[in-house]
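Worksheet: the structure to be examined is printed underneath.
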Amino acid sequence: MADTATTTALLDLRGVRKSFRTPDGHERTVLEGVDFRLEEGDIVALLGKSGSGKSTLLRIMAGLIKSNGGDVMYRGIPMTGPAKGISMVFQSFALFPWLTVQENVELGLEAAGVGKDEREERAGAAIDLIGLGGYESAYPKELSGGMRQRVGFARALVMRPDVLLLDEPFSALDVLTSETLREDLLDLWDERKIPTKGILLVSHNIEEAVSMADRVLVFSSDPGRVRAEIRVGLPRPRDTESAAFRQIVDEVYTLMTAHARGGGVEAQEQLTLGYRLPDTTPGKMVGLLESIAEAPFNGRADLPQLAEETELEDDALFHLFEGLRVLGLARIAAGDIFLTPVGKTFIEVEEAERKAMFADLLIKNIPLAARIRKVLDERRDHRAPEDRFLQELQDYLTDSEAERVLETAITWGRYAEIYDYDYTSGVLMLPEDVVEEMEAEEANEGDS
Amino acid sequence: MRWPLPTVAVSQDLKPNSWDLALIPVVFAVLALLAFGAAQMSIPYDVGEPLPLSLDPANLPYYLLRSALRMAAALVASLAFTIVFAVTAAKVPALEKVLIPILDILQSIPILGFLSITVTGFIALFPGNLLGVECAAIFAIFTSQAWNMAFSLYSSLKTVPNDLIEASDMFHLSAWQRFWRLEMPWGMPGLVWNMMMSVSGGWFFVVASEAISVSGQNISLPGVGSYIALAIAEKNLAAIGWAILGVLGGIIVYDQLIFRPLVAWTDKFKVDSLPGEQVPESWLLTLMQRGRLFRYLARLPAALWEVFTGLLRRHDKETLFHRAPGPLLTLPDWVGRAWDAVLVVVAVLGLVQVALFVHGEVGFGEIGQVLLYGLATTLRVVVLITLASLIWVPIGVWIGQRPLVAQNVQWIAQFMAAFPANLMFPVAVIVIVRFDLDVDVWTSPLMILGTQWYILFNVIAGASAIPQEMKDAAGNLGLTGWLKWKRFYIPAIFPSYVTGAITASGGSWNASIVAELVSWGDTKLEAHGLGAYIARATSDGDFPRIALGIAVMCLFVMAFNRFLWRRLYMLAAERLRLD
């Protein structure tokens, strides 16, 4: 302990907080009390669901955005902007389409005022190092995704950074390409061919994180904070099929899916109107339920195995799990997902009955869906503009997130046939048959 | 030990190759013409002095050169304005609030109105020299070109992808470097496209702005426009024919020497070219890119650039952290509110001022009259756009389905849009007089003569972009007849159609000023409408009425845009995109 305190970490974050202001003045906290150190020689992976604020944290470390509280230090100095010595690789590559590979790689050197000859030499070396030799004069649009990301790496490495920040750099690539690129990067690192002293990788792919990092940090959402840390003590290159590796992956899955407020609590926690509905669809949830119910899982599935079987991205999978969980169709414990009794019935019944069940579960468990239905029931014309609900959501969420949540609620409600939506006018309404039913009832009451 | 070769191997690389040989004469010819034309622009001149003008076709190339130079000067001015305006509006939020609405209004002011208002000022600016009148004409052309270019660059600057901004921050680009490396290239394709559209429109206004009447005096600047004005006054049909040929030549030269190369060049700034999209080509650009000497000449500006950027860097303090260039001048809340209040007060004062001015000079009765004229012109525009749509949409869709035809027709349509339709007006006058037709009805088609092509070529572009699979699906489902149009073609081309129709309608409003009052020799035909009202006030030099007419037209155009076009555009953008 004593010696870690005397050496300064590459990056040192203490109690970092970040909040955004919603348009009507409410604050939404994205990050709260985040502590983090990146030491020399470390590869750290930051794992979290999409929207958990891990990208925001990365941008704070990059100096691209400012935190609202806490300390952010680079080599012991408080950060005030993008630091010399920190480079970043982007998920979308972020290459300048009008510059050639060579010019893209030279850009940072040019900004730093490096002379033309040195620039060309260093860029050339970086291009060769990352395996792009021969493509110097190509434009990014001529290259495949994997090659483009290689340019992204060359552009970052040519700056000889201390710290390399990787923002899901492999997630836009296919499996094979991303594996090759990952291995190439690790070779450069392990053979010390690059001067980089620390790497931070943001990812939502568990296997990717475990195969690269010395430490894996699991990030929780609402507000984002580091929930757990796992040391991966395996030597690189790692055998992803080995028992030790599989065990760590399993452990991370368990941590990622364990619920923050004390795992295994039977009673559903009370959700609020501003609950961020997971980004998934009823169709996918039904599909996953069926997969779990069938062989080889027969109602209970090991998470990594399920991920492999369904060939779904970890991130998509976690949203699915969350959806099934809040509806009470499945539960997760100890790295396994299993069907609840309700979930079992749901799978066994006919399509029409399923929809009715889904409708009940939705109204019982999701406050937003219940709220929409209640408002529509009460209104004389059974119609309400979406803006009405958006405004309510904006008390809790940012604009874009409020829109996404409402969109999800609309998709779910349409499947359950508890309300309908007209895209052109942006109006929510009760389905026609429901309205007819209600009118018939009213007419009967009027008669009697 | 081997010595490395010197990096500059002059003897070998500077030797011109065959591509250079082809290019050198072109360059020298252009330079010589520019020098000659420019010298002619600043000769001494006093208002009232007649400028010699002859209808001899041999003089036409010279007149063309003068007109083309005016265009070029206006284009350079527009470009400068565009950059200053767009950067200011995009980077200074406090000014953005004012600048964007102002531009919106400027855009709807009829261009010929600017000319009548500004010409006296420009003449006073250069007493005893032709440059004043030249400037007024150039300014009129400028007003026809600048606004949409400025809008285009502004909206590009506001939509630079966030990841590229982050990348340029991470790599410590200064504001200067960021502008030239990221923001300008990002806006380039849109800017060049709008420049091309602007110059298309510019020919129309060159023709209309060279023969100016100031305080009862007619000034005719040497140029195609004056040549045509003279031809009309002298009823010389042969001269009109020559002028048409000349302008065609001018458009071709502009297209080949400036826009083809520019468009081909900006292709590299497009983020992703769509599969199957044609890569634009230009012989001139190919010559320049392959010519060895020209490649080397291009290095000179690049080197100067490097030095200049380096000098700028010197002033930056060396720090560990980079300060990201954010929006300039962000004000605290209360300052923002005070600024809003100031703006409101200024707007109200302006309104009062205008009301007093118009009341004092014109009287409110006439305002009612002018509003009625406005309605008449509106009716014309609506009917004409509808008719043009009924004709060109089916034809455009038919052509768009046939790639080979589309390529050729597309070019012709763009060309027709650039061709100044006012050249055809004399023909219309002759026909109307010969057959004794109703002036109010039959002068109307002149308004859309030049602008209908925007509908055609946008529809062609839209129809060519329909994915093959959608066409297959429509065929597979057995869609035919009206159903096929209603459910397939019309929704598919709707976004491009709206774009075209907006341009066509804006152009028609502008054209009404020249189209509702036409003449041939002593014959003058005047329709009832706002355009004719403005045109008459202009030739009388009656400023209050010019102002009133322009203000009313501006009002109509803005209302039209807000209540019709913007809605259609939103509908197209939201619901009917093909992606």
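Letters go in sequence order (proteins before strands), and every chain restarts at 1.
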Does CZ belonging to B:Phe259 count more than 12 external heavy atoms closer than 6.0 Å?
-> yes
Chain B contact via A:Pro78 - side chain, backbone, both or neither, heavy atoms under 4.5 Å | backbone
At a heavy-atom separation under 4.5 Å, does B:Ile165 approach chain A through its side chain, its backbone, both, or neither?
-> neither
Side-chain donor or acceptor of A:Trp98 paired with backbone N/O of B:Arg181 under 3.5 Å | yes
With a cut-off of 6.0 Å (strictly less than), are more than 12 heavy atoms of other residues, nucleotides or ligands near CD of A:Glu121?
-> no
Closest-packed option against chain B by number of heavy-atom pairs under 4.5 Å, given A:Glu103, A:Met159, A:Arg119 = A:Arg119
Do B:Trp186 and A:Pro97 come close enough that some side-chain heavy atom pair is under 4.5 Å?
-> no
Assess whether atom CZ of A:Arg14 is packed by more than 12 heavy atoms of other residues, nucleotides or ligands within 6.0 Å.
-> no
Heavy-atom count around B:Phe179 CZ within 6.0 Å, excluding the residue itself: above 12?
-> yes
Would one find more than 12 heavy atoms of other residues, nucleotides or ligands at under 6.0 Å from atom CZ of B:Arg487?
-> no
Any sub-3.5 Å donor-acceptor pair from B:His172's side-chain atoms to A:Gly108's backbone N or O?
-> no
Could you pull out the closest heavy-atom pair between A:Ala111 and B:Leu173, with the gap in Å?
-> CB-CD1, 3.8 Å
Smallest heavy-atom separation, A:Ala94 atom then B:Ala167 atom, equals O-CB, 3.9 Å
Enter the distance from A:Leu95:CG to B:Leu164:CG here, rounded to the nearest 0.5 Å.
-> 8.0 Å
Has A:Glu142 got more than 12 heavy atoms of other residues, nucleotides or ligands less than 6.0 Å from its CD?
-> yes
In terms of heavy-atom proximity below 4.5 Å to chain B, should A:Leu99 be classed as side chain, backbone, both, or neither?
-> side chain
Checking A:Arg155, A:Glu110, A:Met88 against B:Phe171 for side-chain contact (heavy atoms from CB on, under 4.5 Å), the one that qualifies is A:Arg155
Report yes if some heavy atom in the side chain of B:Met170 is under 4.5 Å from a heavy atom in the side chain of A:Ile86; otherwise report no.
-> yes
